[in-house]
Amino acid sequence: MTTTRFAPSPTGYIHVGNLRTALMNYLIARKAGGTFILRIDDTDPERSKEEYVDAIKQDLEWLGLHWDKVERQSDRLDRYAEAADKLREMGRFYEAFETPTELDLKRKKQLNMGKPPVYDRAALNLSDAEKDALRAERGNGVWRFKLDHERIEWNDGILGDISIDAASVSDPVLIRGDGQVLYTIASVVDDTEMGVTDVVRGSDHVTNTATQIQIIEALGGQCPRFAHHSLLTGPQGEALSKRLGTLALRDLREQGVQPMALLSLMARLGSSDPVELRSDMAELIEGFDVNRFGAAPTKFDVQDLFPLTAKHLQSLPLSDVADAVEDAGVPADLAEPFWAMARENITTLADLKGWWELCRDGAEPLIADEDREFIAEAIALLPDGPFDGETWGTWTKAVKEATGRKGKGLFMPLRKALTGMERGPEMAALLPLLQVIRARG
Ligand code: GLU
């Protein structure tokens, strides 16, 4: 059975980059009728915060990316310790004592000699007595996984055939000196024990994948299918890493972005399929194929979310936005006609308030000098209320007959006088709302 996971570290709010990972894994699981796990990668007790765990859940729920179960790495430390023991017994795990400064120096020397900066495995030559002495002096060492120096190959769902020479990669540290288990092994143990079949993540993980494949094999597990999506850049191709802080999902929500707009964009951006607004999750799932994504960096422009949001809102019935309409101050008996008028004219739900204020209070009329007389004549012809959908038509017909004006010369001055704007809602829909309000008070 297909099983995927989204595995954020709860060290911050999730942003559009993380969303891509979450969404792809979610859609793969749902399309296959499989399981989607939310895995909290909280092995770092200092940086992991409970408030971020809650925030991640809220953000996923807002988007409708519901998970089937939650796993927490901090609950599974004994499983990782067991795996580490196994690697130790197999002779694939060794303790190393270099300080960060020493490692840095080694790297610099290698680079100077034109060699790749790969850990030289000096620790493998330490005798037990030397290790004891180092431990006494420096405390526990880090534990590194001894890679087999062969090519590591896999068929990546996005990048295609990958082949990495293990000798070009440093033996990864899996356990830190203070005993903290690192993600590289924790993730492998989890993926294996939880039956994860498909792993989609960012292309910054490609080297991790190479080492993890060897760790999975050493522990006797089954390798999942891997796919590495490209990283997002800004609209000009600039690195997004620094701006991701302002592209947190909660910021987008604050700005009025609608979940379906965001999901529709992210499920297609960087793929060979066009971005299309989807009406619901079922449609998104149906149209999703991870293999259609490309390896090139993907340009993301937050502005693209607003036309999609506007389009999505236009398609919604009142029942989907009733709370927002009420919050804008619209009385219940006007909610239906108000929404019918307003939804064509908003970008986000935050714009409702302005339209309601226009209906309630009217606008500062915009009347050109040459239209003054015309407007006065037109106002005199305004029928008695209550107004309905026909009123605009009947009224403008009467005004046309009385004044001889037609077309733009007829409609535009009326629109500007009533709304203070040159464009906006259909007047036939707006007029009854204006009238009712005036009648009320
Ligand atoms: N916690 C890891 C991260 O956020 C998970 C990576 C993965 O999907 O394996 O980068």
Side-chain angles (χ1 to χ4, degrees), residues 2-29 34-50 52-53 55-57 59-60 65 67 69-77 79-80 83 145 152 154 156-159 162 164 172-176 180-216 219 221-232 240-241 244-245 247-249 266 290 293:
T2 299
T3 300
T4 66
R5 73 335 188 250
F6 172 49
S9 306
T11 55
Y13 296 118
I14 47 176
H15 48 66
V16 282
N18 308 123
L19 170 59
R20 228 169 158 225
T21 310
L23 180 60
M24 289 184 180
N25 284 295
Y26 173 86
L27 293 174
I28 290 175
T35 303
F36 177 61
I37 300 173
L38 171 60
R39 191 182 83 199
I40 305 294
D41 282 7
D42 56 354
T43 55
D44 182 340
E46 264 150 49
R47 294 179 59 229
S48 300
K49 299 250 162 13
E50 215 45 43
Y52 292 129
V53 176
I56 289 166
K57 289 181 178 171
D59 290 346
L60 293 178
L65 301 183
W67 52 90
K69 45 179 163 168
V70 186
E71 299 280 359
R72 294 187 71 134
Q73 291 197 324
S74 56
D75 291 338
R76 295 174 45 79
L77 299 178
R79 312 295 303 145
Y80 311 142
F145 176 71
I152 305 168
W154 75 92
D156 194 280
I158 293 175
L159 303 176
I162 301 279
I164 292 181
V173 173
L174 303 188
I175 299 184
R176 293 201 325 196
Q180 190 185 309
V181 175
L182 293 183
Y183 143 82
T184 317
I185 185 164
S187 185
V188 158
V189 172
D190 291 345
D191 287 341
T192 305
E193 293 187 3
M194 294 170 195
V196 170
T197 55
D198 295 79
V199 172
V200 183
R201 53 191 181 185
S203 52
D204 50 336
H205 281 291
V206 167
T207 310
N208 278 339
T209 297
T211 64
Q212 285 179 326
I213 286 175
Q214 281 207 2
I215 302 170
I216 296 170
L219 292 172
Q222 178 84 29
C223 271
R225 280 181 290 272
F226 285 102
H228 295 85
H229 59 71
S230 64
L231 298 184
L232 294 181
L240 212 53
S241 47
L244 282 174
L247 293 173
L249 300 192
M266 297 318 275
V290 76
F293 283 79

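Counting begins at 1 with the first residue of the sequence. Because only heavy atoms are used, hydrogens play no part in the values below, and waters and symmetry mates are left out as well, while side chains stay in. First listed ligand is number 1; within each ligand, the first listed atom is number 1.
- For the pair Thr197 (side chain) and Thr3 (backbone), a donor-acceptor distance under 3.5 Å is present.
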Protein N/O near ligand 1 N/O, under 3.5 Å, which pairs?
from	atom 1	to	atom 2	distance (Å)
ligand 1	1 (N)	Ala7	O	2.8
ligand 1	1 (N)	Ser9	OG	3.3
ligand 1	1 (N)	Asp41	OD2	2.6
ligand 1	4 (O)	Ala7	O	3.4
ligand 1	8 (O)	Arg5	NH1	2.6
ligand 1	9 (O)	Arg5	NH1	3.3
ligand 1	9 (O)	Arg5	NH2	2.9
ligand 1	9 (O)	Tyr183	OH	2.7
ligand 1	9 (O)	Arg201	NH1	2.7
ligand 1	10 (O)	His205	NE2	3.0

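- Annotation: side-chain hydrogen bond (donor to acceptor under 3.5 Å, both in side chains) contacts of Thr21 (sequence neighbours excluded): His229.
- Among residues at least two apart or in separate chains, there is no ring pair (Phe, Tyr, Trp, His ring centres under 6.0 Å) pair with a member in residues 184-203.
- Counted within 6.0 Å of CD on Gln222, heavy atoms from surrounding residues, nucleotides or ligands total 12 or fewer; the atom is thus considered open.
- When side chains are defined from C-beta on, Thr43 counts as touching Leu77, because their heavy atoms get closer than 4.5 Å.
- Residues forming a side-chain hydrogen bond (donor to acceptor under 3.5 Å, both in side chains) with Asn18 (at least two apart in sequence, or on another chain): His15.
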